[in-house]
Amino acid sequence: MVKFVLPICLLTAVACTSDPRGKTIVFPVSSVGAEADVLRAQIARFEEERPDIRVVLRETPDSADQRHQLYVQWLAAGAGDPDVLQLDVIWTPEFASAGWILPLGAFEIDETVFFPGTLRANRWRGELYAIPWFVDVGMLYWRTDKLDAPPATLEELEQRAVAAKRRGEVEHGLVWQGARYEGLVCVFLEHLGAFGGRILDEKGRPAVDTEPGRQALEFLRRSIGEDGFVPRAVLTWQEEQTRFAFQSGRALFLRNWPYAYPLLQDPEESEVAGKFAVAPFPGTANGAPTAALGGSQLAINARSRHPEAAFALIEYLISPERMLERARAAGQLPPRRDLYDDPSLAAELAEALPIPPDEARRVVEAAVPRPVTPVYTELSSVLQVWLHRALSGEVGTDEALREATDAMTDVLDRTTARRDAS
Ligand code: GLC
């Protein structure tokens, strides 16, 4: 008797996992701020429109690096699920070159509706592999009840932050993401740009061991020093910890992405609702105000068993209406330029966004991408380690920049050697 029980159970288990409603697609997503609620509502409507497709959402960690690790584990194992992938803007070349995501040439996509800069990072060897979903740009949040205008230069930011702290008006002058993870590289890139520098030069070689690199890292180090204006605790902080510090009224300035805006504006949660505005993170006379380009893209797992269903979901999520909803609920900037160009859509966008669409458009078009290369994650890990060591005072800034340059050069040389050999 017992012999027959096992196969019957197995059969039942198989029958239970295949959905009677049709295809099931798995979609892991980030849920920082209000993102998760708006997405859940959109998915529910999508499932009503497409009763043949069931979408299973899987929550992923807030940290960009932990999310990356998780995706690499899934994809390197050759799993067919997840089907739809939410990629950080810096991952597309890596995942495309590894053969983990589908080239999208076979699907009908009108590329002309997107800002060209947002598509650039999603191409690999001339083919499009992911579609921009929302754009993130680094911004300076400032307290309108304490200042008449945002600082025009980085020096002015420093002076105002120090003065407000000395007067005891705030506990912290500025808060940014300083933990050893991707966010720190974004903060560094913005300071680097402020002093006129960049991570790689036009030839694709490391460019941080330079005068602007030194000035930027020195500035960051001084900011968290004894007489500084950034709390040392930022060395363990990611986006949400910095938002909480600003939201509780403890900081004059905050560097963060657009998602924080609607949350800070919520009087139930935030002490600074109605008392802040956003501006570009300022530059110095030698550089320019620089916003890091971030954001999420949607791609399809090359091993998905349901690529058409996966694309149907992507198509739904990138429609103008869905992007407007996301802008309204989560403050995220849409990568579609028709939303900024078409007068009726632009009027809706103006209502939804924290900054006027013209200004949002300028910021998006001028935002500075991180290096677009399949070895970006390796380059970033090197930078994260050495920047963090310099900021925690374990090594000097010169040594950190020299070591980071050597290690990045090794990564790039190894890649060139691999490419030449193949
Ligand atoms: C945001 C950005 C992403 C960036 C990350 C760093 O999620 O969209 O591009 O890598 O922050 O923390």
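Ligands are counted one by one from 1 in listed order, and the atoms in each one are counted from 1 as well. What you are looking at is a predicted structure, and each value in this text was computed from that prediction instead of being measured.
Remark: minimum distance from atom 11 (O) of ligand 1 to any protein heavy atom is reached at Trp257 NE1, 3.1 Å. Among protein heavy atoms, atom 2 (C) of ligand 1 sits closest to Asp136 OD2, 3.3 Å.
A salt bridge links Arg198 with Glu202; the closest basic N to acidic carboxylate O contact falls under 4.0 Å. Salt-bridge check for Arg361 with Glu365: passed, with a basic side-chain N closer than 4.0 Å to an acidic carboxylate O. In summary, Arg222 and Glu158 engage in a salt bridge, as defined by a charged side-chain N under 4.0 Å from a carboxylate O. Between Glu182 and Arg67 there is no salt bridge, since no side-chain N of the basic residue sits under 4.0 Å from a carboxylate O of the acidic one. Salt-bridge formation is detected for the pair Arg123/Glu111: a Lys NZ or Arg NE/NH1/NH2 atom is positioned less than 4.0 Å from an Asp or Glu carboxylate oxygen.
When Glu239, Glu182, His68 are ranked by how near their heavy atoms come to atom 12 (O) of ligand 1, first place goes to Glu239.
A cation-pi arrangement is present between Arg58 and Trp74 under the rule of less than 6.0 angstrom and at most 45 degrees off the ring axis. Relative to the ring axis of Trp386, Arg402 does not place its NZ or CZ within 45° and under 6.0 Å from the centre.
Under 4.0 angstrom from ligand 1, there are no non-hydrogen atoms of Gln238. Residue contacts with ligand 1, taken as heavy atom pairs separated by less than 4.0 Å, do not involve Gln332 at all.
Here is the list of ligand 1 atoms found below 4.0 Å of a heavy atom in Tyr181: 12 (O). If you number the atoms of ligand 1 from 1 as listed, the ones under 4.0 Å from a heavy atom of Gly294 come out as 8 (O), 9 (O). Each of the following atoms of ligand 1 lies closer than 4.0 Å to a heavy atom of Gly183: 6 (C), 12 (O).
Distances from ligand 1 to the non-hydrogen atoms of Arg370 include at least one value under 4.0 Å.
Considering backbone and side-chain atoms together, Asp88 places an N or O closer than 3.5 Å to an N or O of ligand 1. For ligand 1, none of its N or O atoms has an N or O atom of Arg67 under 3.5 Å away.
Checked against the 6.0 Å centroid criterion, the rings of Tyr340 and Phe115 qualify as a close aromatic pair.
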